Novice: 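One structure, as structure tokens, below. Some questions next.
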Amino acid sequence: MSASLDPAFVAASFEKTFGETPDGVWAAPGRVNLIGEHTDYNEGFVLPFAIDRAAAVAIRRREGSTARLVSSFGDQGVVTVDLDGLSQDTMSGWTAYPLGVVWVLRQMGVEIGGFDLYLHSTVPSGAGLSSSAAIECAVATAFNELQGAGLSLNELVLVGQRAENEVVGAPTGILDQSASLLSTDGHAVFLDCRTQESKLVPLDLAAAGLLILVVDTKVTHAHATGGYAARRASCELGAEVLGVASLRDVDAAGLPEAAGLLDEETFRRVRHIVTENQRVLDTVAVLDDAGPAAIGGLLTASHASMRDDFEISCPELDLAVDTALAHGALGARMTGGGFGGSAIALIPVASQAAVGAAVLAAFADAGFTAPDIFAVSPAPGARKIS
Ligand code: GLA
């Protein structure tokens with residue numbers, strides 16, 4: 001899959017499929033979370049940035065209530081649905097993302113009639129880089145504009161989250177959609193997930209001679225089931241026992257008391273959230289004071305907390321992190337929901353080849369599937385591209 005996203009290719013593919021020109025092409029990026037993992041649904045802090053890989057949709061509105069959808073990667077051909085018969089349980093496969101957004105918008109009273117849609121994406125799926133949020137945000141941005149719905153970016157974030165929670169069935173927070181919608185070139189988004197207040201934080205890695213390398217372990221994860229929901233349930237239990245609305249309301253000073261009230265495992269889950277929130281605040285402060293070269297220790301501490309306290313890492317992610325650190329990374333951590341997906345490493349530009357080769361060799365030695373390794377830089381958020 002090529003990383004470049006050519007609006008002309010997307011428009012031409014639409015025309016080839018549907019025989020007409022689209023009303024427009026909209027794109028929304030995937031993301032890397034620099035730090036702040038599983039803090040979003042605990043009303044805490046996150047610091048993601050959009051990456052230079054995105055989903056793009058070409059759309060043309062039609063008379064009636066029929067939608068026809070096709071993607072450059074789906075093997076279902078053209079999927080035809082009657083929008084009036086759309087319900088949460090009837091959407092499946094990749095079309096659940098665009099149709100989920102359309103369903104939520106229609107629930108909110110946005111009048112969306114028939115349309116044709118062509119989807120192309122350069123965000124690898126299952127890599128923990130928010131390929132699904134990229135689709136949701138591209139579609140939400142497109143219909144917000146096409147229907148003149150006038151929804152704010154923060155409202156569009158919640159539309160994407162509802163599609164994910166209520167249609168796809170994954171109990172996720174607002175991290176991914178916020179990164180995809182609120183990012184601007186060269187910045188990370190510092191977001192308070194309780195208030196949805198956000199601030200753009202300059203992240204000029206190149207000026208510091210640094211880059212972020214992504215190691216996609218190829219270990220796939222599914223947030224609709226399993227560990228992600230279990231972690232969320234642990235956090236909710238912790239908050240309930242501690243008598244707070246969410247773990248956002250616990251700080252480091254409250255941990256000794258929490259240790260006495262919680263079972264050992266729930267305490268470690270809580271400790272991850274509490275310390276991770278503080279690490280996000282510290283990262284923002286350090287970026288401001290000293291620049292990106294000084295945040296490595298915080299990234300690595302975040303990984304240790306996810307590995308040991310929250311237990312959402314896996315051998316492949318740990319190997320990627322440890323190998324990158326042993327070969328000159330200033331800091332490294334898994335990014336996203338965990339149980340697979342990608343790790344990120346903050347490295348000097350000059351070390352890129354050496355770190356990449358070392359990680360590949362370590363994976364081969366361990367008998368793991370070869371990872372995909374590539375650099376990412378902070379990119380703009382969702383927008384109309386043609
Ligand atoms: C996934 C979810 C997000 C967030 C992260 C973990 O990406 O979609 O809402 O919870 O995991 O930080």
Side-chain angles (χ1 to χ4, degrees), residues 28-51 55 96-97 100-101 123-137 154 157-183 188-194 196 198 214 216-217 219-236 246-248 269 272-277 279-280 283 299 302-303 305-307 309-314 317 333-344:
R31 61 104 188 89
V32 146
N33 193 16
L34 193 56
I35 196 160
E37 226 64 84
H38 286 256
T39 45
D40 62 349
Y41 56 78
N42 288 296
E43 300 192 351
F45 304 107
V46 293
L47 187 64
F49 63 84
I51 58 174
Y97 301 104
V101 165
V123 190
S125 82
L129 301 174
S130 294
S131 57
S132 55
I135 300 171
E136 291 154 7
C137 294
N154 277 350
V157 165
L158 300 179
V159 168
Q161 187 201 17
R162 272 190 67 186
E164 194 81 40
N165 293 171
E166 296 174 32
V167 178
V168 181
T172 49
I174 59 170
L175 165 68
D176 307 339
Q177 293 81 7
S178 300
S180 188
L181 286 156
L182 304 176
S183 288
V189 180
F190 172 43
L191 174 70
D192 179 337
C193 299
R194 170 167 274 175
Q196 272 193 292
S198 59
V214 170
D216 170 6
T217 64
V219 178
T220 51
H221 62 97
H223 295 329
T225 51
Y228 185 96
R231 294 304 178 277
R232 187 166 181 155
S234 285
C235 292
E236 281 160 8
S246 76
L247 294 181
R248 159 68 174 276
R269 306 294 188 247
H272 166 71
I273 301 302
V274 171
T275 57
E276 185 78 347
N277 273 328
R279 280 186 291 271
V280 176
T283 302
L299 303 187
S302 168
H303 184 76
S305 178
M306 292 189 283
R307 184 191 58 211
D309 274 356
F310 217 58
E311 294 182 280
I312 54 171
S313 189
C314 64
L317 286 166
R333 62 188 289 278
M334 51 145 282
T335 189
F339 307 102
S342 296
I344 55 169

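Both ligands and their constituent atoms are indexed starting at 1 by order of listing. Small disclaimer: the values here were computed from a predicted structure and weren't measured.
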Novice: Considering Met334, Arg31, Glu37, which one's heavy-atom position lies nearest to atom 7 (O) of ligand 1?
Specialist: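 Among Met334, Arg31, Glu37, the closest heavy atom to atom 7 (O) of ligand 1 belongs to Arg31.
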Novice: Would you say Ile174 has any N or O atom under 3.5 Å from an N or O of ligand 1, going by distance alone?
Specialist: no
Novice: Hey, which of Phe339, Phe45, Tyr228 is the one that makes ring pair (Phe, Tyr, Trp, His ring centres under 6.0 Å) with His38?
Specialist: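 Testing each of Phe339, Phe45, Tyr228 against His38, the sole residue satisfying ring pair (Phe, Tyr, Trp, His ring centres under 6.0 Å) is Tyr228.
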Novice: Please say whether Tyr228 places an N or O atom under 3.5 Å from an N or O atom belonging to ligand 1.
Specialist: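 Between Tyr228 and ligand 1, an N or O pair is found under 3.5 Å apart.
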Novice: Looking only at side-chain N and O atoms, does Arg279 offer a donor or acceptor that is under 3.5 Å from a partner on Thr275?
Specialist: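 Thr275 vs Arg279: donor-acceptor pair found between side chains.
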Novice: Which atoms from ligand 1 have a heavy atom of Leu175 less than 4.0 Å away?
Specialist: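 Near Leu175, meaning under 4.0 Å from one of its heavy atoms, ligand 1 has 4 (C), 5 (C), 12 (O).
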Novice: By number and element, which atoms of ligand 1 are closer than 4.0 Å to a non-hydrogen atom of Gly336?
Specialist: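 By the 4.0 Å cutoff, the relevant atoms are 6 (C), 11 (O).
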Novice: Check this for me: does any side-chain nitrogen of one of Arg333 and Glu276 sit under 4.0 Å from a carboxylate oxygen of the other?
Specialist: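 A salt bridge is present here (some side-chain N lies under 4.0 Å from a carboxylate O).
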Novice: For atom 4 (C) of ligand 1, which candidate among Ile35, Asp40, Ile312 provides the closest heavy atom?
Specialist: Asp40
Novice: Taking 4.0 angstrom as the limit and counting only heavy atoms of Gly173, give me the atoms of ligand 1 inside it, by number and element.
Specialist: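 Those qualifying, in numeric order: 9 (O).
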Novice: Please check if any side-chain donor atom of Ser246 sits under 3.5 Å from a side-chain acceptor atom of Arg194, or the reverse.
Specialist: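 Result is yes, a qualifying pair exists.
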Novice: Rounded to the nearest 0.5 Å, what separation is found between the CG atom of Asn154 and the CG atom of Leu191?
Specialist: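 Spacing of CG (Asn154) from CG (Leu191) equals 7.5 Å.
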